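Keep in mind that this is a model prediction, so the values were computed, not measured. Index from 1, following the sequence.
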Amino acid sequence: MPQVLRIGGAAGFWGEASLATPQLLAAGGMDFLVYDYLAEITMAVLARARAKDPQAGYATDFVTAAMAPNLTEIARQGVRVISNAGGVNPEACAAALRQEIEAQGLGLQVAVVAGDDLLGRVAELAAAAPKDMFTGAPFPPLQKIASINAYLGAFPIAAALDRGAHIVVTGRCVDSAVTLGACIHHFGWGAAELDQLAGGSLAGHILECGPQATGGNFTDWQQAAEGMAGIGYPVAEVREDGSFDVTKPAGTGGLVSRATVAEQLLYETGDPQAYVLPDAVCDFSGVTLTEAGPDRVRVAGARGRGVPDAYKTCMTWQDGFRSGHYFTFYGLDAEAKAQAFAKAVLARSRDALHGMKLPDFTDVSIELIGSESQFGGLRQSEAAREVAAKIAVRHPEARGVGVFLKEAVGLGLSAPPGLSGFAGARPKPSPVLALFSCLLPKAQVPVMVQDAAGGSAVRSAAGVPLQAVEPPAPPSVPKAERVAEVPLIRLAWARSGDKGDIANIGVIARRPDLMPWLWEALDEAHLRRVFGHFWDGRMERFYLPGSLSMNILLHGALGGGGTSSLRNDPQAKGYAQLLLAAPVRVDADLLEEF
């Protein structure tokens, strides 16, 4: 049995349940625990917090809930910890952690990876006038920028571990870097070992969303529902060649199967042959997933195609204000009542804006939750008898949003009958922190490791040109004597997510002989039927023969993305559910074999 590195994925977002750390420690045998707290929305929230308090801007739960109750056991077992909980203020996070370690009389050493925060260089960056790498939008106004962070890689984390750190705290790095950094340190992988780096990055990608790899957010959710309260957190057992097994602690809830791992493999990815990370451009199209035992899946076949010479750099900037509220209606004609109420709210609000000589809203959203408003032309239900009218607006000024909130609540006695709700105080306007992304040469981003011994610069790996590869040929549909139409869920598993304003939907065939039918069915015309009521951008599709799957990208499908969208689902979490419910054509004889 080759030597393996056991890494537990203990957090997938800021707000994650705190049971992962004690669960993984109780399982024993962990070499590392890794924590991923950051997303674009989280960075926006942390930037707002730091603006109010210079000592804030990090994921406080990491110190108070994940570390403080478990530090003694972490020290006893010799487990090392890597976390990007530093957010926009990793030094403050590390200081709070050191204070807690000292209070408990432990000797754990904490290191910080610094250099991602570029807010102090905003004028320099603005002078270069880069365009947004996805939309081509111009550089935001200087006075409105709240944060600028380069997405660092894994080699600085490995350098901190090489210097003896027991706990490494980073700011913004790519999510998978917390796992890859442990692998680089343990196996001694160099910058040229691209296949191993791609494998370690994929292990990090599987771990980075915690229990989403072990039955959470799973298409066949009933298989994992019974143990949801005590779901197991994922463990990657990584080998020196970059292959790894995914498993979970014995006796915990959830499920590890080819399907659960495949859904996470595709989650929030783009082109699977060019998944760009700071340390390697990865090709996941040939990755194979093999069930090697109960709750154990072997993952192999990741390849590295090159190394980028730039860091993706994201900034959040204030782009007006937004707010919204839910108003529930029930009874006969609930849907029509809610729609009439929403239209009246916006009409009265616009009259008030005009009287105050304020401009109109820059965006509005009305969604009647409970009426299948998300399904567009594929709606099947009769008129709903209870709905929640979600009404939201954006405006350049906070007082413009305030007008909407006041008038919406003020219409309560004028509304059709059946208005009800469980709510506290009236919502308040909140700033929209929009996202701007660009590329910045690595040479312009000095990276440091800071620990008790001082600071040490870490050189970035030089860029390696991308190796050209042919995209795998999609399978052709065999002839069929009879064709049937069934919901996609009969044929496939699927999961969806977001990257900025792009929705991603990964679809995995339940059986190899179904893959050709999936590729033929899920074409642009079908996707327009399912999503066309809120999406009119371009589409991309990619075939992954290794995992019998495909990845779909819907550009411009999220109303601006999670940091600024008014949608009820600004991160496409339910898009796969819409697609799975829509009927597709398939060989009828294949259905009879199920």
Side-chain angles (χ1 to χ4, degrees), residues 14 39-53 56-57 87-88 119 122 126 132 135 137-149 314-327 341-367 369 388-412 421 423-437 498 500-501 534 556 558-571:
W14 188 22
E40 283 82 1
I41 291 178
T42 315
M43 294 297 285
V45 171
L46 294 175
R48 286 205 300 265
R50 184 179 61 177
K52 296 178 181 177
D53 178 1
V88 299
L119 187 59
V122 60
D132 185 277
T135 67
F139 197 84
L142 283 181
Q143 69 276 13
K144 294 188 175 184
I145 294 175
S147 67
I148 309 176
N149 295 83
C314 291
M315 56 195 74
T316 58
W317 62 285
Q318 187 170 328
D319 186 20
F321 295 82
R322 67 176 174 175
S323 191
H325 200 41
Y326 290 86
F327 301 87
F341 175 76
K343 289 181 178 179
V345 166
L346 293 176
R348 183 179 283 191
S349 298
R350 285 179 166 129
D351 286 345
L353 291 176
H354 181 73
M356 298 170 66
K357 296 186 171 15
L358 290 175
D360 194 6
F361 301 115
T362 53
D363 194 13
V364 300
S365 172
I366 300 173
E367 295 173 277
I369 311 303
K390 191 231 73 190
I391 317 171
V393 301
R394 282 182 60 176
H395 195 274
E397 299 183 37
R399 59 179 179 152
V401 175
V403 165
F404 156 76
L405 294 170
K406 182 177 185 301
E407 298 301 333
V409 173
L411 260 172
R426 183 194 304 167
K428 297 179 180 179
S430 60
V432 172
L433 285 180
L435 191 67
F436 178 94
S437 304
D498 68 308
D501 200 22
F534 52 68
L558 297 174
T563 59
S564 55
S565 177
L566 299 181
R567 304 271 184 86
N568 188 65
D569 184 7
Q571 295 178 277

Return the minimal non-hydrogen interatomic distance between [X] and [Y], and the atom names on each side.
X	Y	value
V401	S323	CG1-CB, 3.5 Å
L558	D501	N-OD1, 3.0 Å
G560	S564	O-OG, 3.3 Å
F361	G400	CE2-O, 3.6 Å
L566	A392	CD1-O, 3.7 Å
F404	G324	CE2-CA, 4.0 Å

Just how far is it from atom [atom1] of [X] to atom [atom2] of [Y], taken to the nearest 0.5 Å?
X	Y	atom1	atom2	value
T316	I41	OG1	CD1	12.0 Å
W317	L435	CH2	CG	10.5 Å
T135	F436	OG1	CZ	7.5 Å
R399	L358	CZ	CG	4.5 Å

Using a distance-only test with no angle check, is there a side-chain donor-acceptor pair under 3.5 angstrom linking S365 and K390? yes
Has the side chain of [X] got a donor or acceptor atom that lies under 3.5 Å from a matching backbone atom of [Y]?
X	Y	result
E367	N568	yes
D132	S437	yes
H395	P359	yes
N149	C314	no
R567	F534	yes

Going by side chain to side chain contact (heavy atoms under 4.5 Å, CB included), name the residues that satisfy it together with S430, two or more places apart in sequence or in a different chain. R322
Using distance only, find each side-chain donor-acceptor pair of residues 43-53 under 3.5 Å and give its atom names and separation, not counting sequence neighbours.
| residue | atom | partner | partner atom | Å |
| --- | --- | --- | --- | --- |
| R50 | NH1 | V88 | O | 2.8 |
| R50 | NH1 | D117 | OD2 | 2.7 |
| D53 | OD1 | Q55 | N | 3.0 |

V345 and I366: side chain to side chain contact (heavy atoms under 4.5 Å, CB included), yes or no, with the steps? CA-CA 11 Å; V345 166; I366 300 173; over 6 Å; no
Indicate yes or no: does K144 engage D319 in a salt bridge with an N to O separation below 4.0 Å. no
Working for side chain to side chain contact (heavy atoms under 4.5 Å, CB included), residues R426 and K406: CA-CA 8 Å; R426 183 194 304 167; K406 182 177 185 301; 3.8 Å; yes
Any chance you could lay out the side chain to side chain contact (heavy atoms under 4.5 Å, CB included) test for Q318 and L433, step after step, and finish with the verdict? CA-CA 5 Å; Q318 187 170 328; L433 285 180; 4.1 Å; yes
